Structure formats: C-alpha cells, structure tokens
Amino acid sequence: MTLKIIAKMSKYEAKEYISKNIQDPFIKNLMEKHYIEGISWSKVASNLGGNNTSDSIKAMCLRYIKRHCQ
C-alpha cells in the first residue's frame with residue numbers, strides 16, 4: 001500500500017482503511033486530517049508545529065505503512 005493508493009480512495013474507503021490498519025494515534029491523526037478532512041500536507045505540518053514540513057509528515061506516514069501494513 002502506498003499513499004498514492006490511499007489518495008485515490010473515496011473518503012469513506014480511506015476512513016475505513018485508516019481506522020482498520022493504522023494503530024498509531026499520531027499517524028492516524030495525520031492521515032485523517034489529510035485524506036478525510038482534505039487538509040493539505042503543508043497545512044497539517046503547519047498545524048503540527050515544530051520543524052515539521054509537508055515532506056517530513058508524508059515520509060512518516062509512508063514509513064509507517066511500509067512497516068506495519070504490508
């Protein structure tokens with residue numbers, strides 16, 4: 001599974017996938033904000049604060065999926 005595949009899902013399908021497969025609350029929150037609420041990665045990163053960028057939070061989500069959802 002990749003982030004591009006999740007992006008092609010309907011909001012309902014994305015919500016189902018995230019709720020069933022993503023156990024980490026932090027990652028789940030990031031993915032729900034982007035894929036379900038429709039907030040851009042850069043806005044999610046900005047709301048998160050710190051030194052997070054859109055690329056860094058996308059990478060966190062992708063690493064999680066690669067490690068835990070194969």
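These figures come from a predicted structure and were not determined experimentally.
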Discussion item. Quick one, M60 with N52, criterion side chain to side chain contact (heavy atoms under 4.5 Å, CB included). Give me CA distance, side-chain angles, the key distance, then yes/no.
Written reply: CA-CA 10 Å; M60 281 187 253; N52 294 293; 3.6 Å; yes
Could you list the donor-acceptor pairs under 3.5 angstrom formed between side-chain atoms of residues 21-28 and any protein atom two or more places apart in sequence or on another chain?
unit_1, atom_1, unit_2, atom_2, d
N21, ND2, Y17, O, 2.9
Q23, NE2, K20, O, 3.4
D24, OD1, F26, N, 2.9
D24, OD1, I27, N, 2.9
K28, NZ, I22, O, 3.2

Worksheet item: Just by modelled atom types, is the S10 backbone N or O under 3.5 Å from a matching donor or acceptor in the E13 side chain?
Response: yes
Discussion item. How long is the straight-line distance from CD1 of I39 back to CD of E32, given to the nearest 0.5 Å?
Written reply: 11.0 Å
Discussion item. Does C61 form a side chain to side chain contact (heavy atoms under 4.5 Å, CB included) with K58? I'd like the steps, not just the answer.
Written reply: CA-CA 5 Å; C61 292; K58 280 192 287 189; 5.8 Å; no
Item to complete: Looking only at non-hydrogen atoms, find the nearest pair between S54 and A45 and report the distance.
Response: N-CB, 3.7 Å
Discussion item. Test: ring pair (Phe, Tyr, Trp, His ring centres under 6.0 Å). Region: residues 37-64. Which pairs qualify, not counting sequence neighbours?
Written reply: H34-W41, Y35-W41, Y64-H68
Worksheet item: Quick one: does S19's side chain have a donor or acceptor within less than 3.5 Å of a partner on K15's backbone?
Response: yes
Worksheet entry | Nearest-0.5 Å distance that lies between atom CG in L48 and atom CD1 in I57 | 6.5 Å
Worksheet entry | Which atom of E37 lies closest to which atom of K33, heavy atoms considered | CB-O, 3.3 Å
